[in-house]
A.B. asks: 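This is the structure I have questions about; it appears just below.
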Amino acid sequence: MTEYLPSQLEPKWQAEWDKNNAYHIPDPQIPQSPDSHKYYALVMFPYPSGNLHMGHVRNYAIGDVVARFKRMQGFDVLHPIGWDSFGMPAENAAIARNVQPDEWTSQCIARMTEQLKRLGISYDWDREVTTCKEDYYKWTQWLFLKFFNKGLAYRKQATVNWCPTCQTVLANEQAKEDKCWRCGTQVDEKPLEQWFLKITQYADRLLQDIDKLSGWPESVKTMQRNWIGKSEGLEIKFKLKTPNTELIIYTTRPDTVFGVTYMVMAPEHPMVDELTRGTEFETGVKAFREKVKHETQNERAESTGKEGAFIGAYAINPANNEEIPIWISDYVLMNYGTGAVMAVPMHDERDAEFAKVHNLPVSDAPLSNEIGAELVKRGIAKWKTNFKLRDWLISRQRYWGAPIPIVYCDKCGTVPVPEKDLPVRLPKNIKFTGTGGSPIKQALDFVNTTCPKCGGPAKRETDTMDTFICSSWYFYRYCDAKNASAPFAKDKVDHWMPVDQYIGGIEHAILHLLYSRFFAKVLKDEGLISTDEPFTNLLTQGMVVKDGAKMSKSKGNVVDPDLIIEKYGADTARLFILFAAPPEKELEWSDKGVEGSYRFLNRVWRLATENIQETSDKIQENTKSQIQRSKPLERKLHQTIKAVTEDIERFSFNTAIARMMELTNYLYEIKDDVSFIHHSDFVLRHLLILLSPFAPHMTEELWQMLGNKDSIHKQPWPKFDPELVKEDEITIVIQVNGKLRDSILVSANASEEEIKQKALANEKAKAFIDGKEIVKTILVPKKLVNIVVK
RNA sequence: GCCUGGAUGGCGGAAUUGGUAGACGCAAGGGACUUAAAAUCCCUCGGUCGCAAGGCCAUGCCGGUUCGAUUCCGGCUCCAGGCACCA
């Protein structure tokens, strides 16, 4: 008997698949034949950090099972991979190791490519996409210009986290708890002119079209709806006691206006200055502002609404003409609504909390559904739709990103770089120190340029684009990855899009998925593509954790996929990761569990190899006339085919694997019976085909050993016979008052009356019925009889 | 704080639409084989009472709906993801 040696057979098959370009899917014939059926299986492309982690393995193992399964069902499957390769870590590596980000990135990509290939994922490597390469970011810039020309890209002032010591911009991640991660200095907010994309212009469409996404998890759709945060409300002008001044607030609850007992403004509201200038409250207000100035947006949103200051001004409640005090507090945000609210302690928890802490009055005035319309009639209010969604800030004061293709000219102003001049190349050989702002500013021959309009001296934009822009369109590029004259050909994208199944981490539920939906809508409006929802079905996978915590270097609980592959093989790694938990749930890593998956593959291996050696001898011992059908074996096989197929279709890979384990256990039980010996080849072929999407190397090896010349991965997915699946006898549970008392075996075609009689006559049930009155009997077909007694 | 999820044996999980709670696997204990070990194979395995038959309890906590609730509803607790410059 041959031993199962994954370290030998896996590289062999990987080399074979590589050589034959086995998973390349050619471009479609355009016009396409009517009977072609495409399937686009997409996994979220990785950031090339240099090391594949278990989260990647999980993502790509799931994607590969789906791709292989669909291929065997006869679909033309597009299953591509690429690299989301711009971003901060490369720049940090440059600072820490004195390398150039592009070198560091290509080393990481080379290493991770090797790791991916060792997993045996069926990617079409011919369509590999790398966002930091010129042939990709040229088109990212091209798309930015589309947005710019459509009026969807604009500049306005926004603040960044600024470290005064390092003299550099910090990402939120680098400014945890308001301290610079390098030097610990208190982080400031610094205003800068930055580029935005007008995603708010698409807010209503992005919201409405969520209803079309029937293949998305409800939770993700709800998160997106809440993120867009559409609310219908009223903007109401409150007259102030100060003559000729008024304060406009926004409320979704105009019916509570009789209960308003005070007002609250955001500390940075421009009217706060006007109202306090020269008063005794001026210093108090300034002190409060100083205090909240260092709070990040997150901390502002986390505010419990306990802190605030009275500004000495009063407003008049338009509903009852009462004078009410005006306060400032950090729980009111300047960038939502009008930056001021009317406070109703009776009906709002935060208002109540604030009122309690600051001893403000509470009114139990009744709600009035009519007052909103009345205020509108009086001309002091108007209906207003607000969104929580804000425009997308895409400027990054960093080197390792796609340069924003804009030139600033003293004469002509803001000038887009003409298409023929793309790409605007990132300057090379930059020094990375981590201080002094964006490294690009050092490259004077980049910064200093000529105006594309007037030819005069001009300066380039030195900000680069948010990497979320790169990842908002990569799935179109896969459809036409080598196109040198356009980001993609429309007919190719129209053939493959939308993505039939998108698989990736739940952490992308809002930003990446919302931005990609936004891009789709703009691209469709531009006539570049035909569908405005890019992802038909979405599977959000959970994280891989160990000892209850996310795997991380600092916690020292990282499991290196390479070591697992080395010891047990990729098939075991894939099988375990799919078996240990349903895909959308968190997965607890277990070294012992991996051994269990390895044992299972060994059991299949032994069953098959023993069988190959022994079957021919055994069949000769028994004459052909003795060959008989084995109904239980056929039933078990067809039940397994049915269950595995349905489980894969609903992404229940763990139970699919469990069903294959059950079949294997069953085959071991009967392996010396004549019935198995006569059917073993047939049964084993089916088991191997069912297992092939999960363990592609081992099943291919055994398939060849069984004497097949073609690849197991080109076999059609087996179909089950519904007649053979049926059981002859079914178990009926007998309950008394909903409690299990016994179970009986009845013929599958027994009548309801017959079953009822058997239940009532049941000895164990009788013991609980005797002496009591039977109120009713409930029969659930094929399941149970419940006798209700009193 | 806000939004979205989750919680089932010693552990990972199963129960697809309200109908046998614990499939499958891991760990543990016992046994077989072996000079021995590894590997493999067989048996037991939620708690509790009982010699046994069997009973009772049990799906994070409290309550409700129902003949029947892991599943539906209300109220909590704890954990996780996201919160717009990590990707």
Side-chain angles (χ1 to χ4, degrees), chain A residues 44-47 49 84 86-89 160-161 169-175 194 199 217-227 229 297-305 331 349-350 388-398 466-468 471 505-512 514-515 540 542-543 545 548-550 576 579-582 584-597 599-600 602-603 606 646-647 650 652 654-655 657-662 665 668 731-740 742-743 764 767 775-778 780 783-784 786-789:
Chain A
M44 289 182 184
F45 65 164
Y47 176 79
S49 60
D84 187 13
F86 273 137
M88 240 176 19
V160 292
N161 297 314
V169 174
L170 300 177
N172 285 344
E173 198 190 45
Q174 302 171 321
Q194 306 194 68
I199 191 171
E218 280 307 318
S219 58
V220 174
K221 290 194 279 184
T222 308
M223 278 192 258
Q224 291 218 351
R225 282 191 193 100
N226 292 341
W227 185 263
Q297 283 297 319
N298 288 351
E299 285 164 340
R300 284 289 294 275
E302 273 167 39
S303 167
T304 50
Y331 82 94
E349 256 180 60
R350 278 218 250 182
K388 285 210 178 86
L389 184 70
R390 309 200 296 263
D391 275 340
W392 177 7
L393 197 170
I394 60 156
S395 287
R396 297 292 181 270
Q397 296 71 39
R398 292 178 209 294
D466 179 5
T467 58
F468 273 122
S471 58
I506 182 69
E507 67 273 18
H508 294 292
I510 295 173
L511 294 180
H512 163 61
L514 190 67
Y515 293 148
T540 50
M543 290 199 313
V545 302
K550 189 173 176 171
F576 168 71
F579 179 60
E584 65 281 358
K585 279 189 71 173
E586 202 170 77
L587 184 152
E588 172 74 31
W589 185 264
S590 153
D591 291 330
K592 286 288 181 188
V594 178
E595 284 181 27
S597 295
R599 269 200 283 274
F600 168 62
N602 266 295
R603 269 166 78 76
R606 279 197 310 274
E646 289 172 358
D647 283 352
R650 67 186 175 106
S652 183
N654 52 337
T655 54
I657 294 166
R659 298 309 288 258
M660 290 187 274
M661 287 173 168
E662 279 182 60
N665 292 345
Y668 265 88
T731 306
I732 298 289
V733 162
I734 300 172
Q735 296 182 339
V736 178
N737 284 351
K739 281 202 172 191
L740 174 79
D742 202 4
S743 63
K764 288 177 184 165
V775 182
K776 59 177 163 176
T777 312
I778 291 152
V780 182
K783 290 245 164 73
L784 59 78
N786 186 12
I787 303 158
V788 185
V789 297

A.B. asks: Of the options B/G19, B/C85, B/G25, whose atoms approach the side-chain atoms of A/Leu393 most closely?
C.D. replies: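 Comparing B/G19, B/C85, B/G25 against the side chain of A/Leu393, the answer is B/C85.
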A.B. asks: Given that both distances must come in under 3.5 Å, which nucleotide forms a Watson-Crick or G-U wobble pair with B/A15?
C.D. replies: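 Checking every strand shown, B/A15 finds no partner, since no pair has both distances under 3.5 Å.
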A.B. asks: In whole Å, measure the gap between the P atoms of B/G60 and B/C41 for me.
C.D. replies: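 After rounding to an integer number of Å, I get 35 Å for this pair.
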A.B. asks: Separation of A/Asn737 atom CG from B/C67 atom P, in whole Å?
C.D. replies: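 Distance, rounded to whole Å: 11 Å.
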A.B. asks: Tell me whether the side-chain N/O atoms of A/Lys585 come closer than 4.0 Å to OP1 or OP2 in B/G6.
C.D. replies: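 For A/Lys585, the contact criterion (side-chain N or O under 4.0 Å from OP1 or OP2 of B/G6) is not met.
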A.B. asks: Could you measure the distance from the CE atom of A/Met543 to the CG atom of A/Leu587? Nearest 0.5 Å is fine.
C.D. replies: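 Result: 11.0 Å between the selected atoms.
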A.B. asks: Do any side-chain nitrogens or oxygens of A/Asn654 fall under 4.0 Å of OP1 or OP2 in B/G25?
C.D. replies: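 No, outside the criterion.
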A.B. asks: Which of these nucleotides, B/A87, B/A80, B/G81, is closest to any side-chain atom of A/Glu586?
C.D. replies: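 Of the options given, the side chain of A/Glu586 lies nearest B/A80.
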A.B. asks: From B/A23, B/G19, B/C26, pick the nucleotide closest to the side chain of A/Lys592?
C.D. replies: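 Nucleotide nearest to A/Lys592's side chain: B/C26.
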A.B. asks: Would you mind telling me which of A/Leu784, A/Asp742, A/Ile787 makes a side-chain contact (heavy atoms from CB on, under 4.5 Å) with A/Gln735?
C.D. replies: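 Answer after filtering A/Leu784, A/Asp742, A/Ile787: A/Leu784.
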A.B. asks: So does A/Gln397 reach the base of B/C85 with its side chain, donor to acceptor, closer than 3.5 Å?
C.D. replies: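 When only heavy-atom distances are counted, A/Gln397 does reach the base of B/C85 through a donor-acceptor pair under 3.5 Å.
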A.B. asks: Specify the residue among A/Lys783 and A/Pro89 whose closest nucleotide of RNA chain B lies further upstream toward the 5′ end.
C.D. replies: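 It is A/Lys783, whose closest nucleotide lies nearer the 5' terminus.
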A.B. asks: Considering only atom C1', compute the distance from B/G54 to B/C62 and round it to an integer number of Å.
C.D. replies: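 Their C1' atoms lie roughly 32 Å apart.
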A.B. asks: Measuring from A/Phe468:CZ to A/Arg396:CZ, what's the distance to the nearest 0.5 Å?
C.D. replies: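 Reported to 0.5 Å precision, the distance equals 8.5 Å.
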A.B. asks: Suppose you measure atom P in B/U4 against the same atom in B/G74; what distance do you get, rounded to whole Å?
C.D. replies: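 These two P atoms come out 13 Å apart once rounded.
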A.B. asks: With distance as the sole criterion, do the side chain of A/Arg659 and the base of B/C24 form a donor-acceptor contact below 3.5 Å?
C.D. replies: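 Answer no: no donor N or O sits under 3.5 Å from an acceptor.
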A.B. asks: Under 4.0 angstrom, heavy atoms only, what part of the nucleic acid is A/Val733 near: base, sugar-phosphate, or nothing?
C.D. replies: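 Counting heavy atoms under 4.0 Å across all strands, the contact made by A/Val733 includes a base.
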A.B. asks: Rounded to the nearest 0.5 Å, how far does CG of A/Asn786 lie from CG of A/Asn737?
C.D. replies: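 These two atoms lie 7.0 Å from each other.
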A.B. asks: Identify which nucleotide among B/C85, B/U40, B/C24 has an atom closest to any side-chain atom of A/Arg599, counting heavy atoms from C-beta outward.
C.D. replies: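 Between B/C85, B/U40, B/C24, the one nearest the side chain of A/Arg599 would be B/U40.
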A.B. asks: Could you state the interatomic distance from CD (A/Glu662) to CD1 (A/Ile657), rounded to the nearest 0.5 Å?
C.D. replies: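 The CD1 atom of A/Ile657 is 13.0 Å from CD of A/Glu662, to the nearest 0.5 Å.
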A.B. asks: Please determine, for the side chain of A/Leu511, which listed nucleotide (B/U20, B/A87, B/C85) has the closest atom?
C.D. replies: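 The closest nucleotide is B/A87.
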A.B. asks: Can you tell me how far P of B/A84 sits from NE2 of A/His512, to the nearest Å?
C.D. replies: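 Checked: the NE2 to P distance equals 18 Å.
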A.B. asks: Over how many whole Å does the gap from A/Met661 atom CE to B/C24 atom P extend?
C.D. replies: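 The answer, rounded to whole Å, is 11 Å.
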A.B. asks: So does A/Arg396 get a side-chain nitrogen or oxygen closer than 4.0 Å to the phosphate oxygens (OP1/OP2) of B/C85?
C.D. replies: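 So the side-chain polar atoms of A/Arg396 do come within 4.0 Å of the phosphate oxygens OP1 or OP2 of B/C85, strictly under.
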A.B. asks: Looking at every heavy atom in both A/Asn654 and A/Ala581, which two are closest together, and how far apart are they?
C.D. replies: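 Scanning both residues, the minimum pair turns out to be ND2-C, 4.1 Å.
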A.B. asks: Looking at the side chain of A/Lys739, which of B/C56, B/G81, B/C24 is the nearest nucleotide?
C.D. replies: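 Out of B/C56, B/G81, B/C24, the nucleotide with an atom closest to A/Lys739's side chain is B/C56.
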A.B. asks: Please pick, from B/A14, B/G12, B/C26, the nucleotide with the shortest atom-to-atom distance to any side-chain atom of A/Glu588.
C.D. replies: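 It is B/G12.
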A.B. asks: Just compare B/U20, B/C86, B/G13 and give me whichever is closest to any side-chain atom of A/Ala171.
C.D. replies: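 Nucleotide nearest to A/Ala171's side chain: B/C86.
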A.B. asks: Give none if B/G1 has no partner; otherwise give the nucleotide forming a Watson-Crick or G-U wobble pair with it, both distances under 3.5 Å.
C.D. replies: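 Base partner found: B/C83.
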A.B. asks: Please determine if a side-chain N or O atom of A/Arg603 lies less than 4.0 Å away from the OP1 or OP2 oxygen of B/C41.
C.D. replies: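 It does, given that an N or O in the side chain of A/Arg603 lies less than 4.0 Å from OP1 or OP2 of B/C41.
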A.B. asks: Less than 4.0 angstrom between a side-chain N/O of A/Arg606 and OP1 or OP2 of B/C41, yes or no?
C.D. replies: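 So the side-chain polar atoms of A/Arg606 do come within 4.0 Å of the phosphate oxygens OP1 or OP2 of B/C41, strictly under.
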A.B. asks: If you round to the nearest 0.5 Å, how far is CG of A/Leu514 from CD1 of A/Ile199?
C.D. replies: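 If we round to the nearest 0.5 Å, A/Ile199:CD1 and A/Leu514:CG are 4.5 Å apart.
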A.B. asks: From A/His512 NE2 over to A/Tyr515 OH, what is the distance, rounded to the nearest 0.5 angstrom?
C.D. replies: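 Here the interatomic distance stands at 12.0 Å.
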A.B. asks: Take atom C1' in B/U44 and the same atom in B/G10, then report the distance between them in whole Å.
C.D. replies: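 Those two atoms are separated by 15 Å.
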A.B. asks: Considering only the P atoms, how many Å lie between B/G22 and B/A15, rounded to the nearest integer?
C.D. replies: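 Roughly 13 Å separates the two P atoms.
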A.B. asks: Within the pair A/Asn786 and B/U66, is there a side-chain N or O less than 4.0 Å away from OP1 or OP2?
C.D. replies: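 It does not, given that no N or O in the side chain of A/Asn786 lies less than 4.0 Å from OP1 or OP2 of B/U66.
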A.B. asks: A/Gln194 has a side chain; which of B/G81, B/A27, B/C85 sits nearest to it?
C.D. replies: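 Closest of the options to the side chain of A/Gln194: B/C85.
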A.B. asks: Using a 90° cut-off around 0 for syn, call B/G74 syn or anti.
C.D. replies: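 Here the answer is anti: the torsion falls beyond 90° from 0.
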A.B. asks: Using the rule side-chain contact (heavy atoms from CB on, under 4.5 Å), only one of A/Glu586, A/Met223, A/Glu584 pairs with A/Ile506; which is it?
C.D. replies: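 Considering A/Glu586, A/Met223, A/Glu584, a side-chain contact (heavy atoms from CB on, under 4.5 Å) with A/Ile506 is found only for A/Met223.
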A.B. asks: For B/A32, which nucleotide is its Watson-Crick or G-U wobble mate, given both distances must be under 3.5 Å?
C.D. replies: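 WC or wobble partner is B/U40.
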A.B. asks: For B/U66, give its Watson-Crick or G-U wobble partner with both distances under 3.5 Å, or none.
C.D. replies: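 WC or wobble partner does not exist here.
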A.B. asks: Give A/Met543 one of three labels, base, sugar-phosphate or nothing, depending on what nucleic acid heavy atoms sit under 4.0 Å from its own.
C.D. replies: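 The answer is sugar-phosphate, as A/Met543 gets under 4.0 Å only of primed atoms, P, OP1 or OP2.
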A.B. asks: For B/A27, which nucleotide in any strand shown is its Watson-Crick or wobble partner with both distances under 3.5 Å?
C.D. replies: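 Partner of B/A27: none found under 3.5 Å.
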A.B. asks: What is the pairing partner of B/A7, taking Watson-Crick or G-U wobble pairs with both distances under 3.5 Å in any strand?
C.D. replies: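 When the pairing criteria are applied, B/U77 turns out to be the nucleotide that pairs with B/A7.
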A.B. asks: If you assign A/Phe468 and A/Ser590 each to the RNA chain B nucleotide with the nearest heavy atom, which residue ends up on the more 5' nucleotide?
C.D. replies: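 Its nearest nucleotide being more 5', the pick is A/Ser590.
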A.B. asks: Who does B/U59 pair with, Watson-Crick or G-U, both distances under 3.5 Å?
C.D. replies: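 The answer is none; no pair meets the criterion.
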A.B. asks: Over how many whole Å does the gap from A/Glu218 atom CD to B/G6 atom C1' extend?
C.D. replies: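 Spelled out: CD on A/Glu218 to C1' on B/G6 is 17 Å.
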A.B. asks: Looking only at atom P, what distance separates B/A23 and B/G68, rounded to whole Å?
C.D. replies: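 B/A23 and B/G68 have their P atoms separated by 27 Å.
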A.B. asks: Which nucleotide, if any, forms a Watson-Crick or G-U wobble pair with B/U20, using both distances under 3.5 Å?
C.D. replies: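 Paired with B/U20, as far as the under-3.5 Å criterion goes, is no nucleotide at all.
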A.B. asks: Return the value, rounded to whole Å, for the distance between atom CG of A/Leu784 and atom P of B/U17.
C.D. replies: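 Nearest whole value for this atom pair: 17 Å.
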A.B. asks: Sticking with atom C1', work out how far B/C56 lies from B/G63, rounded to a whole angstrom.
C.D. replies: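 The answer is 23 Å between these two C1' atoms.
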A.B. asks: For nucleotides B/A7 and B/C61, find the distance between their P atoms and express it as a whole number of Å.
C.D. replies: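 The answer is 13 Å between these two P atoms.
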A.B. asks: Which nucleotide sits closest to the side chain of A/Arg650: B/U40, B/A15, B/G19?
C.D. replies: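 In terms of side-chain proximity for A/Arg650, the closest of B/U40, B/A15, B/G19 is B/A15.
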